[in-house]
Amino acid sequence: MISVKKDFDNPPSGLKTDNCTKKRKKSLEEKNNHKFKCYNDYPENTVFEALKTIYNSKCGYCETEMNAGYKLQIEHYRPKKEVKEDKTHKGYYWLGYEWSNLLLACPKCNQQGAKGNYFPITGVRIHTHSNFLTDNKLDSNKCYPDKSPLKDEKPLFLNPEIDEVEKHLIFSSNGEAKGITERGKITIEICNLNSYEKRADLIIARKTIIVLNDIREDLDNYLIEKSISEETLDYNLKKIFIKILEGQNKDNGYSRVYFFLYNKFEIFILRKLGKKQRNLIEKKFELFKNGEL
């Protein structure tokens with residue numbers, strides 16, 4: 001998760017049509033019985049396209065890219081139909097069509113068992129839309145998550161559009177997400193960002209990126225910058241290969257990830273390198289496996 005910028009005052013055209021205005025009004029009457037249908041509610045898919053631009057076609061929570069096999073979804077930061085922690089709550093139905101409540105997320109972050117309808121807070125939860133009206137009409141300016149009354153709920157789940165995410169969670173050198181505040185820890189837990197059982201693909205991708213970056217840096221220093229000798233290159237690569245090899249120890253966290261990195265080296269590493277880099281690393285890896293590096 002990284003912080004992004006969204007202009008709450010400038011919603012996409014799909015949210016300003018007469019059709020959407022009618023649906024917004026109807027949602028206030030029907031509350032959680034209202035049928036929120038994404039493709040009908042957001043004409044011409046302008047909302048989705050706008051969110052893709054803001055989030056660079058990545059999940060707002062785990063940063064999984066669209067081209068990684070996921071179909072990204074329009075996600076409601078505050079759940080529109082119900083709240084898991086409060087069975088009496090009708091959901092934040094009045095925010096169902098609000099630009100300031102719509103994010104982009106992958107199915108694995110957005111599904112039940114992950115964020116789903118969870119929305120933990122430490123403040124007083126708002127149950128109705130009564131404080132969001134002006135002249136008996138829903139006032140979008142009162143629906144901004146960084147203004148009262150919504151900010152007074154004090155959400156525990158991070159919002160990449162208003163929170164400085166970097167102050168709440170970081171990634172350690174082994175690719176693990178680390179919460180440095182309570183909000184960061186809760187966000188990681190809810191979205192299963194460190195769960196190999198539930199998010200193996202995410203963790204493998206994260207660790208692959210780290211290994212790739214280390215390898216690419218050494219290759220660039222050797223092949224392009226010519227700032228290190230082949231002896232130094234071999235020394236650095238050997239340390240990386242040992243880390244992958246020893247990481248397979250069952251006592252280590254994410255040992256299965258390192259198993260894939262080592263035993264499927266071609267898929268996870270070689271195929272992501274240029275031809276010249278790939279040929280060199282393939283040779284060095286074979287030497288390492290034969291005890292000759």
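Counting begins at 1 with the first residue of the sequence.
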* Phe260 vs Phe268 aromatic rings, parallel, tilted or perpendicular, using cut-offs 30° and 60°? -> tilted

* Asked: Should we count NZ of Lys6 as having more than 12 external heavy atoms under 6.0 Å?
  -> yes

* **Exceeds 12 heavy-atom contacts within 6.0 angstrom, atom NZ of Lys167** => no

* Under 3.5 Å, is there a donor-acceptor pair between the Tyr118 and Glu189 side chains? -> no

* Asked: Counting only N and O atoms by type, is there a donor-acceptor contact under 3.5 Å from the side chain of Glu63 to the main-chain atoms of Met1?
  -> yes

* Asked: Would you say the side chain of Asp220 lies within less than 4.5 Å of the side chain of Gln277, judging by non-hydrogen atoms?
  -> yes

* To do: With sequence neighbours excluded, tell me which residues meet ring pair (Phe, Tyr, Trp, His ring centres under 6.0 Å) with Phe8.
  => Tyr144

* Without swapping roles, check the side chain of His89 against the backbone of Lys84 for a donor-acceptor pair under 3.5 Å. => no

* **Side-chain heavy-atom pair Leu158, Leu169 within 4.5 angstrom cut-off** => yes

* Is the Phe241 ring parallel, tilted or perpendicular to the Phe285 ring (thresholds 30°, 60°)? -> perpendicular

* To do: Output yes when a side-chain donor or acceptor of Lys81 lies under 3.5 Å from a complementary backbone atom of His34, and no otherwise.
  => yes

* Asked: Would a hydrophobic clustering, with Ile, Leu, Val, Met, Phe, Trp and Tyr connected at side-chain separations under 4.5 Å, put Ile162 with Ile74?
  -> no

* **Cluster check Leu233, Ile242: I/L/V/M/F/W/Y, side chain < 4.5 angstrom** => yes

* To do: Search all heavy atoms of Cys62 against all heavy atoms of Leu193 and return the closest pair with its distance.
  => CB-CD2, 3.7 Å

* **Ring center gap for Tyr93 and Phe36 short of 6.0 angstrom** => no

* To do: Taking the side chain as every heavy atom from C-beta outward, state whether Leu280 and Lys276 have any atom pair closer than 4.5 Å.
  => no

* Asked: What do you reckon, is NZ of Lys90 surrounded by more than 12 foreign heavy atoms closer than 6.0 Å?
  -> no

* **Smallest separation among heavy atoms of Arg199 and Cys109, with atom names** => NH1-SG, 3.4 Å

* Would you call Arg78 and Trp94 a side-chain contact if the rule is heavy atoms closer than 4.5 Å? -> no

* Lys52/Glu49 ion pair, N-O < 4.0 Å -> yes

* Asked: Would a 4.5 Å heavy-atom cut-off, applied to side chains only, mark Leu237 and Ile281 as touching?
  -> yes

* Just by distance, do the side chain of Thr208 and the backbone of Ile269 share a donor-acceptor pair under 3.5 Å? -> no

* Asked: Roughly how far, to the nearest 0.5 Å, is CD1 of Ile228 from OH of Tyr235?
  -> 12.5 Å

* Asked: Taking only residues two or more places apart in sequence or in another chain, which ones pass ring pair (Phe, Tyr, Trp, His ring centres under 6.0 Å) with Tyr61?
  -> Phe157

* **Heavy-atom check, side chain of Cys143 versus side chain of Asn101, under 4.5 Å** => no

* **Test side chain to side chain contact (heavy atoms under 4.5 Å, CB included) applied to Trp99 and Leu51, step by step** => CA-CA 10 Å; Trp99 177 230; Leu51 288 172; 3.8 Å; yes

* To do: In plain terms, say whether Lys26 and Glu29 are close enough for a salt bridge, that is, a side-chain N and a carboxylate O under 4.0 Å apart.
  => no

* Asked: Is the CD atom of Glu164 crowded by more than 12 outside heavy atoms at less than 6.0 Å?
  -> no

* Under the 3.5 angstrom rule, does the side chain of Asp139 hit a backbone N or O of Asn141 as a donor-acceptor pair? -> yes

* Structure fact -> Heavy-atom closest pair (His76 atom, Lys115 atom, distance to 0.1 Å) is O-NZ, 3.2 Å

* **Sub-4.5 Å side-chain heavy-atom contact between Val165 and Thr187** => no

* Do Lys147 and Lys142 come close enough that some side-chain heavy atom pair is under 4.5 Å? -> no

* Asked: If you draw a 6.0 Å radius around CD in Glu231, do more than 12 non-hydrogen atoms from other residues or ligands fall strictly inside?
  -> no

